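Everything quoted here is computed from the prediction, not taken from an experiment.
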There are 2 protein chains.
Amino acid sequence: MGVSKPPNVNEPMCPSRLVLEHVTSRWGVLVLAALLERSYRFSELRRTIGGVSEKMLAQTLQTLERDGFVHRDAKPVIPPRVDYSLTALGEEAARQVWELARWTERRVQAVEEARVRYDTVREASQ
Amino acid sequence: MGVSKPPNVNEPMCPSRLVLEHVTSRWGVLVLAALLERSYRFSELRRTIGGVSEKMLAQTLQTLERDGFVHRDAKPVIPPRVDYSLTALGEEAARQVWELARWTERRVQAVEEARVRYDTVREASQ
DNA sequence: CTGGATCCAATACGATACTG
DNA sequence: CAGTATCGTATTGGATCCAG
């Protein structure tokens, strides 16, 4: 197999595992993928992603901002306007998760077929 | 930017979002990355990953097996011996998450520096 | 050894109401 | 508009015990 050593994320709570969990988190993936296309305002991003609550979006954005993936640009105007965009680091991460998201879309049918096989086999034997 | 359209995982509960959540789940990522290196037995995998409970490992493996990513080979011997390995589909997924894991490791220091900056700025202003 | 079953704690999440 | 605060629920995850 053409791979070298597996990453040593395999220690209980090493820092990189934490980072990995942030970028692969339920909403983290979707935020990064969306921001790869362009920058978004808060509500705009919320509508684009769909199904995310204000609370979780805010929380996700804060985590990603703290990790240095997302840049938050709050303009001092009324009504408030805040733009979110990717940093250089964030763009690297986003490209990875975006590839993963694309791959998932391409293969989702194969997965569904696998599930049918799995379920029918199990169902038959009980 | 060199990207086309973002994946339409951006609908509340589309099937591909589900699949994405499985492969990016906390333990899913680590299981796939580990199995990319070679096949593992249950306890062996548990030790290798570290910090995962029996319950969660079993659950993760079942999900990945149902999705067609993992092949489960239960040998009818006593004591029981079960080997887990990747299917072709699983290997594709594993390569993606493995790249992500590697990237995370390479960049973990940049993230930690970003966090320090974020925290010191916030701390100074309150 | 491989897991299923059960119980319990932590926390992820969503809905709503509220503020600058 | 862009969040924060609070609450209640749902899900996740771990520990333990048990069976084949």
Side-chain angles (χ1 to χ4, degrees), chain A residues 9-13 17-18 20-31 34-35 39-67 70-85 118 121-122 125-126, chain B residues 10-13 17-18 20-31 34-35 39-66 70-85 118 121-122 125-126:
Chain A
V9 279
N10 292 342
E11 285 109 47
M13 275 321 252
R17 191 182 282 192
L18 249 298
L20 194 57
E21 279 176 26
H22 291 172
V23 316
T24 65
S25 71
R26 183 170 184 189
W27 305 116
V29 175
L30 302 175
V31 166
L35 290 181
S39 75
Y40 279 91
R41 299 179 60 180
F42 186 85
S43 300
E44 201 181 21
L45 189 54
R46 188 156 124 78
R47 281 191 301 274
T48 300
I49 290 179
V52 60
S53 66
E54 291 182 3
K55 178 184 165 184
M56 290 315 299
L57 182 56
Q59 198 175 106
T60 302
L61 284 168
Q62 279 166 18
T63 301
L64 294 178
E65 189 196 355
R66 190 169 106 98
D67 283 359
V70 163
H71 173 66
R72 180 177 183 276
D73 182 21
K75 285 160 177 113
V77 296
I78 291 183
R81 178 190 177 100
V82 182
D83 286 288
Y84 291 94
S85 56
Y118 182 92
V121 169
R122 283 209 130 203
S125 66
Q126 56 103 330
Chain B
N10 291 342
E11 284 111 47
M13 276 321 251
R17 191 182 280 192
L18 249 298
L20 194 57
E21 279 174 26
H22 291 170
V23 316
T24 65
S25 72
R26 184 169 184 189
W27 305 116
V29 174
L30 302 175
V31 166
L35 290 181
S39 75
Y40 280 89
R41 300 180 58 182
F42 185 85
S43 301
E44 202 180 19
L45 191 53
R46 188 155 125 76
R47 280 190 302 273
T48 301
I49 289 179
V52 60
S53 67
E54 291 181 2
K55 177 185 166 184
M56 289 315 299
L57 182 57
Q59 199 174 101
T60 301
L61 285 168
Q62 278 166 19
T63 302
L64 293 178
E65 188 196 356
R66 190 170 104 98
V70 162
H71 173 68
R72 180 176 184 276
D73 181 21
K75 286 159 176 113
V77 296
I78 291 184
R81 177 191 178 101
V82 183
D83 286 287
Y84 292 94
S85 56
Y118 182 92
V121 169
R122 281 209 132 203
S125 66
Q126 57 104 325

Self-check item: A:Ser43 vs D:dA2: side-chain N/O to OP1/OP2 distance below 4.0 Å
Solution: yes
Self-check item: Candidates C:dC1, D:dG14, D:dC1 - which lies nearest the side chain of B:Pro80
Solution: C:dC1
Quiz item: How does protein reach along nucleotides 4-11 of chain C, written 5' to 3' as B (base within reach of a heavy atom under 4.0 Å), S (only sugar-phosphate), or - (no contact)?
Solution: B-BB----
Quiz item: Given side chains that start at C-beta, do those of B:Val52 and B:Val31 come closer than 4.5 Å, heavy atoms only?
Solution: no
Quiz item: Do any side-chain nitrogens or oxygens of B:Tyr84 fall under 4.0 Å of OP1 or OP2 in C:dC1?
Solution: no
Quiz prompt | Distance in angstrom units between B:Leu57 CG and C:dT2 P, rounded | solution = 10 Å
Self-check item: B:Arg81 side-chain N/O to C:dT2 phosphate OP1/OP2 under 4.0 Å
Solution: no
Self-check item: Nearest-angstrom distance from the residue atom CG of B:Leu18 to P of D:dT11
Solution: 13 Å
Quiz item: Picking from D:dG3, C:dG14, C:dC1, which would you name as closest to the side chain of A:Ser53?
Solution: C:dG14
Quiz prompt | Selection from D:dG20, D:dG13, C:dC13 that lies nearest to any side-chain heavy atom of A:Met56 | solution = C:dC13
Quiz item: Any side-chain heavy-atom pair from A:Arg17 and B:Leu30 closer than 4.5 angstrom?
Solution: yes
Practice problem: Using atom CZ of B:Arg26 as one end and atom C1' of D:dG13 as the other, report the distance to the nearest whole Å. | Solution: 7 Å
